Amino acid sequence: MGVTAICGINWGDEGKGRMVDYFAENADFVIRFQGGNNAGHTVCNNFGKFALHLLPSGIFNKKAMNIIGNGAVVNPEALIGEIRETEKVIGKIDNLMISERAHAVFPFHILLDEYEEERLGANKFGSTKKGIAPVYSDKYMKTGILAGDLLNKDYLSKRIKNNLELKNQIIEKIYLKPKVDVDEMIEWGYKYGCELKEYITDPIPVLREAVKNDKKILLEGQLGALRDIDFGIYPYTTSSSPIPGYASAGSSIPPYEIKRIVGVMKSYSTCVGEGPFVTEIFSEKADSIRTKGKEFGASTGRPRRIGWFDAVSSRYGCLISGATEIAITLLDVLSGEDELKICVKYRIGDSSTEKFPTTEKLYASKPEYISMPGWKEDITGIRNFYDLPKAAQNYIIKIEELIKVKIRYISVGPNREQLIKV
Ligand code: GDP
Ligand code: MG
């Protein structure tokens with residue numbers, strides 16, 4: 001089977017957690033390769049319902065080793081909280097590794113995230129305020145603190161002092177807020193480092209062996225392609241790269257080993273936070289889909305913005321992800337809609353395009369829709385494509401035709417078994 005990457009095709013919240021949980025039943029390794037606890041991956045399985053933020057979605061399979069890769073960023077306090085909460089249900093977690101090279105998120109990263117959103121005011125990004133942009137900024141400024149650094153108090157002290165020398169100037173003089181206490185941060189980092197000691201390690205040797213022995217490895221992306229720092233709707237992106245192209249760098253798996261790329265997309269569109277969203281709908285229709293789909297952020301509880309399926313952005317998401325197959329989710333939510341719209345082109349001024357443009361042009365883009373008939377039936381119990389109402393089959397076939405990638409899985413409910421394999 002080799003290595004499979006499972007990544008979001010749109011703006012995130014496509015149901016990746018749900019799909020990773022499904023694939024993880026037979027996996028040997030599950031690796032989160034980027035992002036932090038700004039993710040909310042919902043998993044509903046035999047153990048119950050979980051919103052995972054940092055733990056890879058394979059944590060419920062005791063036989064699978066779950067790895068938080070070097071490309072991810074870890075808030076140690078938040079991770080310990082998540083481990084303890086999850087352990088209450090599944091027992092002691094001993095199938096977890098945290099790469100010693102993953103960056104640690106400190107309370108001052110969170111403060112900086114908050115202060116910056118406050119400074120931006122009306123121009124804010126809609127940050128989840130988990131310190132993600134500040135910690136990735138530190139990574140590239142080379143002032144960051146690695147998970148492995150938390151275990152060596154002397155070295156940790158040097159790194160924190162070096163980092164806060166500049167940060168405290170910014171906090172005091174630009175944001176006009178009180179300085180961060182250096183010693184407190186050293187104690188904080190060391191305390192949580194010690195608590196996570198059993199998990200912080202170098203996963204590279206284990207992964208090399210795993211690849212050599214053709215173990216089943218899943219790479220779990222967070223968010224979606226349209227939030228990618230390079231290819232997404234910059235600057236309304238995340239601060240890392242959730243596409244499979246980065247999965248190698250963020251995990252140490254050689255790129256040529258990634259043979260299968262499952263793109264996860266929703267059967268309609270949702271988007272959390274700010275930024276252009278061409279197919280957005282506002283009416284009661286949006287409220288009805290939001291309620292049926294329980295479209296409130298798994299991490300933040302924020303109501304998600306709702307839109308019709310966007311074939312222009314989804315095709316682009318597939319393209320830059322290199323998706324070899326698609327899992328389409330939440331089809332059941334569309335039951336009961338009389339009419340379903342699909343955006344097939346964007347109109348910018350006098351011309352139409354099938355190409356997904358940069359943010360500046362996205363603001364000027366208007367959706368060109370085709371209309372498809374809806375269906376009334378409850379489809380949550382269906383497990384065979386040909387048992388779906390004809391209108392639902394046609395909707396899927398039309399989407400497949402437009403995105404030009406084979407749809408292999410159709411999810412008709414949040415539970416592990418509510419899946420149609422095509
Ligand atoms: P992720 O961030 O991509 O893992 O997705 P989230 O967990 O943030 O959001 C997906 C939401 O949809 C969660 O509440 C899931 O339980 C739910 N979900 C996933 N697949 C389906 C589905 O096919 N039908 C329904 N009704 N809900 C689903
Ligand atoms: Mg989510």
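Whatever order the structure lists ligands and atoms in, that order sets their numbers, starting from 1. Keep in mind the model is a prediction, meaning the values are calculated, not measured.
Classified by interplanar angle (parallel below 30°, tilted 30° to 60°, perpendicular above 60°), the ring pair Tyr192/Trp188 is perpendicular. Classification of the Phe50-Phe60 ring pair by plane angle, with boundaries at 30° and 60°, yields tilted.
Of the protein's heavy atoms, Gly17 N, 2.8 Å lies nearest to atom 4 (O) of ligand 1. Among all non-hydrogen protein atoms, the one lying nearest atom 23 (O) of ligand 1 is Ser411 OG, 2.5 Å. Of the protein's non-hydrogen atoms, the one nearest atom 2 (O) of ligand 1 is Gly40 O, 2.8 Å. Considering only non-hydrogen protein atoms, atom 17 (C) of ligand 1 sits nearest to Pro414 CB, 4.2 Å.
For a threshold of 3.5 Å applied to N or O pairs, the pair formed by Gly293 and ligand 1 contains no separation below that value. Any N or O atom pair closer than 3.5 Å counts here, and Lys49 shares no such pair with ligand 1. For ligand 1, the polar-atom distance check against Leu330 finds a nitrogen or oxygen pair separated by under 3.5 Å. Residue-to-ligand polar distances place Arg304 within reach of ligand 1: an N/O pair is separated by less than 3.5 Å. By the 3.5 Å distance cut-off applied to N or O atoms, Leu331 is not counted among the residues near ligand 1. Taking distance alone, with nitrogen or oxygen atoms compared against 3.5 Å, Asp13 approaches ligand 1 more closely than that limit.
Between Gly307 and Phe277, the closest heavy-atom pair is N-CZ, 3.7 Å.
One side chain, Asp21 or Asn45, offers a donor N or O that lies under 3.5 Å from an acceptor on the other. Side-chain atoms of Thr329 and Arg18 form no donor-acceptor pair, as typed in the model, at a separation below 3.5 Å. Side-chain polar atoms of Ser335 and Trp375 form a donor-acceptor pair below 3.5 angstrom. Under the 3.5 Å distance criterion, with hydrogens and angles disregarded, a donor-acceptor pair is assigned to the side chains of Asp310 and Tyr346. Between the side chains of Asp138 and His103, not a single donor N or O lies within less than 3.5 Å of an accepting N or O. Between the side chains of Tyr369 and Glu339, no donor-acceptor pair is found at a separation under 3.5 Å. No donor-acceptor contact under 3.5 angstrom links the side chains of Thr237 and Asp228, judged on distance only. No side-chain donor from either of Glu117 and Ser127 sits under 3.5 Å from a side-chain acceptor of the other.
Distances shorter than 4.0 angstrom occur between a heavy atom of Gly413 and an atom of ligand 1. By the 4.0 Å heavy-atom criterion, Lys294 is excluded from the residues contacting ligand 1. Proximity of Gly12 to ligand 1 is not established, as no heavy-atom distance is less than 4.0 Å.
When the options Lys366, Lys345, Glu368 are evaluated for a side-chain hydrogen bond (donor to acceptor under 3.5 Å, both in side chains) with Ser352, the one that passes is Glu368.
Here is the list of ligand 1 atoms found below 4.0 Å of a heavy atom in Val333: 26 (N). The ligand atoms of ligand 1 that sit less than 4.0 angstrom from a heavy atom of Glu14 are 3 (O), 5 (O). Close contacts between ligand 1 and Lys16 involve ligand atoms 1 (P), 2 (O), 3 (O), 4 (O) [criterion: under 4.0 Å to a heavy atom].
Taking the Mg ion (ligand 2) as reference, Asp13 places its N/O/S atom OD1 nearest.
Contact annotation: for Val412 versus ligand 1, heavy atoms closer than 4.0 Å belong to the backbone alone. Residue contacts with ligand 1 for Asp332 involve side-chain atoms from C-beta outward but no N, CA, C or O (heavy atoms, distance under 4.0 Å). Contact annotation for His41 and ligand 1: heavy atoms of both the backbone and the side chain come within less than 4.0 Å of the ligand.
More than 12 heavy atoms of other residues, nucleotides or ligands shown are found within 6.0 angstrom of NZ on Lys62.
Within the coordination shell of the Mg ion (ligand 2), defined by N, O or S atoms under 2.8 Å, Ala39 is absent.
Distances from atom 13 (C) of ligand 1 to the heavy atoms of Thr42, Leu52, Leu334, Ile6 put Thr42 nearest.
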